[in-house]
Peer 1: 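The structure follows.
These numbers were taken from a predicted model, which means no experiment stands behind them.
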Amino acid sequence: MNANPLLDVSDLRVSFSTPDGEVSAVRGMNFELAAGESLGIVGESGSGKSQSVLSLMGLLADNGRATGRAVFDDRDLLALPRAQLARLRGADVAMVFQDPMTALNPYLSIGAQMGLVLRRHEGLGRGAARARCVEMLEAVKLSDAARRLDMYPHELSGGQRQRVMIAAALLCRPKLLIADEPTTALDVTVQAQILELISELRAQLNTSVLLITHDLGVVAGHCDRVLVMEQGERRDYGSVDQVFQDPSHAYTQKLLAAVPRIDAPGRQGALPGGDTLLQVDGLSVQFRLPADRWLAPRRQLTAVDQVSFELGPGESLGVVGESGCGKSTLARAVLRLVKAHAGRVSLLGRELLPLKGKDLRMARRDLQVVFQDPLASLDPRMSVRDIIAEPLESFSPELGREETTRRVARLLERVGLEPAHLNRYPHEFSGGQSQRIGIARALICEPQLVICDEAVSALDVSVQAQILDLLLDLQKELGLALVFIAHDLAVVRQISHRVLVMYLGRAVELAPADRLYEQPQHPYTRALLEAVPIPEPELERGRSRRLLGGDVPSPLSPPSGCAFRTRCEFAQAKCAAERPALQDLDGTQVACHFAGEV
């Protein structure tokens, strides 16, 4: 423990008044934070992480109440008058929120929002405030900082908006920075950049950091100590090395066991044999966009650019890449949910792209999808029975209601739910249970192929592990072929036989999973893998990584030649002049002019 901690929280309790009575969100929380130290607060959704820190900032909802003590720099934050707490926020204590798009004002330019902080807390004039804002944007490595000040939040990418949030929070050089899930919605490459940036600024400014996250790999590499929460209570607390190596509570042990590791072999068996189930050849998807100025020609965006792959019965293909690389559009084109511009898609030897009307509808019996957000994809007005039965009633109306209901009940049990849940509605289930309902709906017609589009990205790590176990068990039992789209490369390794890496709509590498993870051939694949944190403190701190800089170029004006060349440290003149084709290199298909040489 610290003799004179910067922040000393004792017996913190947070509760909310509701029509059904008082709900306790945090129960008797205790922790300390020293100057310049980083404390990670981890736990699953609903554990009380965010409410703990929001109470310190005086940002609880109107029906919320916090008691206890939270002494910051000899001042009890919970006892301060609102006016004093408002002066403290932004000056001595600052916060980076989870979603920068909702935290930034869409009506104000970046410069106007950042300038408000300096004028309020330091009384700077417009010119001096603008100069400080440019300086801080440059400190967070945002290119062309002066021009960014005149832009609005919607004109920036997710990673750029998060850098703006961090810059705004650090303008007054606060003693404490609270980061609430600052990288949850970001690609793994941008996440690595943001976390490295926070660590660098923490060292430069001697700022203490409270990092709230569900990612134990992030905590392993960027925190000194860790606090584990469950149901509003503290379960484990201590140094990162101590908690990771010898967790004292069963809940912490369960969390650590559920974390997928990128350095662990996949859980799939040998690649199944058999004829080709799905064949995709040269698939391209283009969208026509409005002109950007009067009388100019309409613009064309190529979302998927000549992608080819095959999938056998019982095989899992992982598809990875940063946001905007075309993963979901590729899946939707295979499903005929968006129109393909060129190429061929064959399922069981039958071409899908020419099909129309009834023929297309019947072909979809063998081709199903599990979406990212289970609650958004389930009709809130339909019971669980009707949601799962709907495809079966459409494709097999001869079964009758009683037989259909029996099949739905049996399938509910297979996905880990109870037949008693038949007459409940989606809002009565948790996220993990809702995703199981979505999986049951996809499987009710016994399809040959299921496409999972970010099916576990919104789930807690323990629920994520349960869903992965379920998919693997069902695949072995039913012989399903899976296309598994995700941005979490550690999850993809666990479930995939082969992995397809996409960049700006193009396939840049395709290989068996273990080979791709152990011997990546494309520089982009290596950059993705190096950015993934490992939930082991000593190993994570000792890794040498070359972080991928910059953002994905606009698909409206992709670079000539190799699309990755603008971010590749090995790029040469040939990369700008000639587009590399996929070539076989010891069992790996890779699109790089210098594969095997760099």
Side-chain angles (χ1 to χ4, degrees), residues 141-144 147-148 156-160 163 186-194 196 282-287 289 299-309 319-327 329-330 341-343 487 489 499-511 515-517 519-532 544-586 588-598:
K141 301 176 183 176
L142 192 62
S143 61
D144 204 0
R147 186 174 66 87
R148 304 288 185 189
L156 304 177
S157 69
Q160 290 170 336
R163 289 174 188 272
L186 303 179
D187 292 315
V188 63
T189 51
V190 181
Q191 170 183 274
Q193 295 170 15
I194 295 297
E196 191 67 24
L283 187 64
S284 296
V285 178
Q286 297 178 350
F287 296 101
L289 303 180
R299 297 172 294 168
Q300 182 169 283
L301 185 151
T302 301
V304 177
D305 196 355
Q306 301 178 41
V307 174
S308 302
F309 64 87
V319 183
V320 301
E322 295 170 288
S323 297
C325 69
K327 306 186 299 294
T329 304
L330 172 66
H341 174 74
H487 67 271
L489 280 83
V499 178
L500 172 68
V501 182
M502 293 185 66
Y503 184 78
L504 211 62
R506 305 177 185 179
V508 297
E509 189 162 357
L510 175 62
R515 178 178 297 174
L516 182 135
Y517 281 79
Q519 298 177 343
Q521 299 297 328
H522 198 282
Y524 179 58
T525 307
R526 290 202 294 273
L528 289 178
L529 296 176
E530 288 182 1
V532 179
S544 59
R545 46 161 65 103
R546 293 165 295 185
L547 296 182
L548 184 61
D551 296 311
V552 180
S554 170
L556 285 170
S557 54
S560 62
C562 175
F564 184 63
R565 67 176 177 80
T566 57
R567 303 169 74 191
C568 181
E569 60 181 311
F570 306 110
Q572 300 181 28
K574 183 179 181 180
C575 301
E578 183 180 339
R579 173 176 174 170
L582 280 172
Q583 56 181 312
D584 187 79
L585 183 66
D586 298 328
T588 296
Q589 295 181 55
V590 55
C592 177
H593 291 305
F594 305 102
E597 300 177 22
V598 297

Peer 1: Minimum heavy-atom separation for Thr566 and Pro559, please, with both atom names.
Peer 2: CG2-CG, 3.7 Å
Peer 1: For the residue pair His522 and Cys592, what are the closest heavy atoms and their distance?
Peer 2: CD2-CB, 3.8 Å
Peer 1: Any donor and acceptor pair, going by atom type alone, linking the side chain of Arg565 with main-chain N or O of Ser560 inside 3.5 Å?
Peer 2: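 At least one qualifying donor-acceptor pair exists.
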Peer 1: Would the distance check show the side chain of Lys327 and the main-chain N or O of Gly321 forming a donor-acceptor pair, the cut-off being under 3.5 Å?
Peer 2: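 Present.
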Peer 1: Just wondering, do Leu510 and Leu582 contact through their side chains at under 4.5 Å, heavy atoms?
Peer 2: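 With C-beta onward as the side chain, the pair stays apart.
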Peer 1: Would you compute the distance between atom NZ of Lys574 and atom CZ of Phe594 and round it to the nearest 0.5 angstrom?
Peer 2: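 Going from the NZ atom of Lys574 to the CZ atom of Phe594 covers 6.0 Å.
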Peer 1: Hey, could you give me the CZ/CG distance between Arg299 and Leu301, rounded to the nearest 0.5 Å?
Peer 2: 9.0 Å
Peer 1: Where is the tightest heavy-atom contact between His593 and Glu578, given as atom of each residue plus distance?
Peer 2: NE2-O, 2.6 Å
Peer 1: So do the side chains of Phe309 and Leu330 get within less than 4.5 Å of each other, counting heavy atoms only?
Peer 2: yes
Peer 1: From Arg148 CZ over to Gln160 CD, what is the distance, rounded to the nearest 0.5 angstrom?
Peer 2: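 Spacing of CZ (Arg148) from CD (Gln160) equals 4.5 Å.
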Peer 1: May I ask you to decide if Gln306's main-chain N or O and Ser284's side chain share a donor-acceptor pair within less than 3.5 Å?
Peer 2: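 Side chain of Ser284 to backbone of Gln306: a pair is present.
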Peer 1: Does Leu500 reach the side chain of Val307, with side-chain heavy atoms less than 4.5 Å apart?
Peer 2: yes
Peer 1: With rounding to the nearest 0.5 angstrom, report the OG1 to CG distance, Thr329 to Asp305.
Peer 2: 12.5 Å
Peer 1: Once rounded to the nearest 0.5 Å, what's the spacing between atom CG of Leu528 and atom CG of Asp187?
Peer 2: 8.5 Å
Peer 1: Hey, what do you get for OG1 (Thr302) to NE2 (His341), rounding to the nearest 0.5 Å?
Peer 2: 7.5 Å
Peer 1: Output yes when a side-chain donor or acceptor of Gln521 lies under 3.5 Å from a complementary backbone atom of Gln519, and no otherwise.
Peer 2: yes
Peer 1: Below 4.5 Å, heavy atoms only, C-beta onward: do Glu509 and Thr588 meet side chain to side chain?
Peer 2: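 In contact.
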Peer 1: Quick check: closest heavy atoms across Ala303 and Phe287, and the distance to 0.1 Å?
Peer 2: CB-CE1, 3.7 Å
Peer 1: Measure the shortest side-chain to side-chain distance between Glu322 and Tyr524 over non-hydrogen atoms and say whether it is less than 4.5 angstrom.
Peer 2: yes
Peer 1: Is the shortest side-chain N to carboxylate O distance from Arg526 to Glu569 below 4.0 Å?
Peer 2: no
Peer 1: Let's go through Leu504 and Val552 carefully: what are the C-alpha distance in whole Å and the side-chain angles of both, what is the deciding distance for side-chain contact (heavy atoms from CB on, under 4.5 Å) to 0.1 Å, and is it a yes or a no?
Peer 2: CA-CA 7 Å; Leu504 211 62; Val552 180; 3.4 Å; yes
